[in-house]
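Computed from a predicted model, the values in this text were never measured in an experiment. For ligands, and for the atoms within them, numbers begin at 1 and follow the listed sequence.
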Amino acid sequence: MRKIVILLVILLLAAQSLPAQNIFSLNTLGYLQQHEKVASVAVETSSFSLIISESGEVVFTSEATGPYRQENFDTQVWNLDFSEFETEGNYQLKIDNGKISPVFSIGDDVYRHAFETSFRAFYLWRCGASVEAEYGGNSYSHEACHLEDGHLDYITDKGGWKDGVGGWHDAGDHGKYVVNAGISMGLMFFAWDHFNDVLKNYSYDLPETAPDYPDFLKELKWETDWLLKMQYPDGSGRVSHKLTRTGFSDFIMPEDDHEKRYFTEWSSAATASFVGIMAQASRYFRPYDKEYANKCLAAAEISYGFLVENPEYHRFEQGDFNTGGYQSLDEDDRLWAAVELWETTGNELYLADFENRLSKMNRMVDEDWDWQNVRNMAVYTYLLSSRDGKSRKLFRKAKKEAISVANSIVAKAHNDIYRRPLGSVFYWGCNGTVARQVLNLQVANRFNPNPAYIETALNAVHHLFGSNDYGRSFVTGLGYNPPMYPHDRRSGADGVEAPWPGYIVGGGQTATDWVDEEASYSTNEVAINWQAALVYALAGFVQP
Ligand code: 9MR
Ligand code: ZN
């Protein structure tokens with residue numbers, strides 16, 4: 001009997017410590033006061049109420065609608081729309097059977113903490129330096145790592161070495177890859193360009209690595225300092241595709257990773273990505289650091305010159321390496337390189353190169369895009385540029401496409417049971433894509449203001465923080481029942497139970513196969529290209 005009682009107590013305790021199965025899908029961070037607020041629930045209910053979480057007092061009731069079903073999900077949901085309720089506070093939703101949702105907020109700045117934490121995640125990715133953070137009662141830190149980056153054996157001389165220290169780790173692995181830096185930096189510079197009025201007021205408690213820079217740009221300079229080291233030492237302007245070991249390491253802390261890391265051979269995609277980033281860096285850093293801005297521009301122009309001399313696609317061949325491939329075709333990257341140099345310098349030769357390339361493309365704007373394809377970034381820089389000289393015809397065509405793609409994204413979200421702007425498309429890193437679609441929407445909203453673009457952008461954010469089939473946040477340390485076991489070497493090796501905070505995980509490769517398991521690199525890893533998209537997505541919805 002006593003044994004049974006003890007067993008029962010143990011079972012009860014275990015049940016309590018496990019988060020309850022969440023039948024509610026909602027942004028578990030919360031909702032902005034003056035915007036749509038729609039949650040869903042996977043249990044039939046005819047009505048619902050909104051209650052103040054502290055007192056249980058009912059402040060709003062309404063009818064539920066549904067059921068709604070969707071292919072690939074073995075569930076049906078009812079929608080709970082409380083958009084008209086706008087009073088600030090902490091709330092829960094309650095349905096007919098008495099079930100209550102996780103707590104969430106309504107307010108005018110409910111994403112600020114998430115924004116700061118996900119931006120600061122870049123600092124915590126710094127390579128070549130020690131980093132530290134206090135979060136949720138835990139301390140996260142590592143010592144300076146990879147101070148021997150990098151060896152030149154694969155590009156110039158056996159046994160040679162040159163400084164390649166710094167930058168961010170790419171993901172759950174500690175490698176550094178130029179192509180993925182391209183889309184990540186591009187998105188972050190867009191965040192700065194579009195929202196610097198707000199972002200310039202933020203400080204992120206960063207070490208003083210770039211005096212006089214606003215904190216947001218300070219972090220980006222950490223990456224460009226490293227990128228500048230990725231050009232070949234021969235002055236040709238070619239850029240190494242990556243700097244990694246030949247294979248992935250075990251789950252060890254970065255400072256314990258002492259296997260040799262190499263500059264790899266160049267690729268045209270990496271070289272063109274480099275040009276795009278450095279041209280942007282030159283432009284955005286100039287007000288704070290003219291000398292460095294000149295250095296970035298000179299580096300960009302040398303690499304651009306190399307690309308002009310070498311117009312063929314030059315693929316990176318893995319050879320001895322089996323770390324990340326990032327073997328991107330280079331047309332989009334070359335397009336981006338040209339337009340960023342034009343926007344930075346005004347030199348019409350760059351504009352001609354860009355327009356010539358763009359005019360040959362069947363499609364100019366994409367709905368679904370990741371590191372393989374940065375064409376959107378190129379076209380958006382062009383569309384938003386205030387420089388003269390654009391071809392009116394091309395401009396009009398590109399603008400029309402940008403708007404029709406945004407409209408199509410709005411329609412996808414509208415038809416999805418979780419209002420996911422990517423609809424039912426799932427693949428490695430698709431959570432990042434959902435966040436990245438916010439750029440499509442925000443840009444369209446700039447020339448064609450439409451509340452539906454903003455509501456759909458918010459739907460992307462809602463999806464990532466719990467308006468999904470799991471009813472869970474996809475970002476570590478934030479929202480309800482977030483990932484605990486990301487495929488992240490630091491998080492797995494540091495002896496702290498909770499993972500490093502603020503990181504978005506890749507998401508399922510099908511509608512229902514996401515698992516919060518460390519081994520699941522294809523659904524539960526973290527990576528800079530997804531993270532940068534999250535930073536962009538949140539940046540538009542924070543207050544000064
Ligand atoms: O994000 C990348 C995804 O699109 C690819 O399908 C996948 C396989 O090539 O690689 C992903 O990128 C990984 C990279 O190769 C190495 N670092 C971790 C990245 C995130 O999983
Ligand atoms: Zn490192």
Review point. Strictly under 2.8 Å, is any N, O or S atom of His169 next to the Zn ion (ligand 2)?
Key: yes
Point to revise | Plane angle bin for His241 and Phe316 - parallel if under 30°, tilted between 30 and 60°, otherwise perpendicular | key: parallel
Review point. According to the interplanar angle, ranging from 0 to 90°, do the rings of His174 and His146 count as parallel (below 30°), tilted (30 to 60°) or perpendicular (above 60°)?
Key: tilted
Exercise for review: Kindly indicate whether the side chain of Arg489, heavy atoms from C-beta on, has any atom under 4.5 Å from the side chain of Phe251.
Suggested key: yes
Review point. Between Tyr382 and Phe354, what is the ring plane arrangement, given parallel below 30°, perpendicular above 60°, and tilted in between?
Key: tilted
Practice item. For the residue pair His463 and Phe474, categorise the inter-ring angle as parallel (less than 30°), tilted (30 to 60°) or perpendicular (more than 60°). Key: tilted
Sub-3.5 Å pairs, protein N or O with ligand 1 N or O:
| residue | atom | partner | partner atom | Å |
| --- | --- | --- | --- | --- |
| ligand 1 | 4 (O) | Trp371 | NE1 | 2.9 |
| ligand 1 | 12 (O) | Tyr326 | OH | 3.3 |
| ligand 1 | 17 (N) | Asp170 | OD2 | 3.1 |
| ligand 1 | 17 (N) | Asp173 | OD1 | 2.7 |
| ligand 1 | 21 (O) | Trp428 | NE1 | 3.0 |
| ligand 1 | 21 (O) | Glu525 | OE1 | 2.9 |

Check your understanding: Mind checking whether Asp370 and Trp530 have side chains closer than 4.5 Å, heavy atoms only?
Key -> yes
Practice item. Starting from the Zn ion (ligand 2), look over the N/O/S atoms of His146 and name the nearest one. Key: ND1
Study note, to complete from the structure: Hits for side-chain contact (heavy atoms from CB on, under 4.5 Å) against Asp416, two or more places apart or cross-chain, chain-then-number order -> Gln70, Tyr418, Arg420
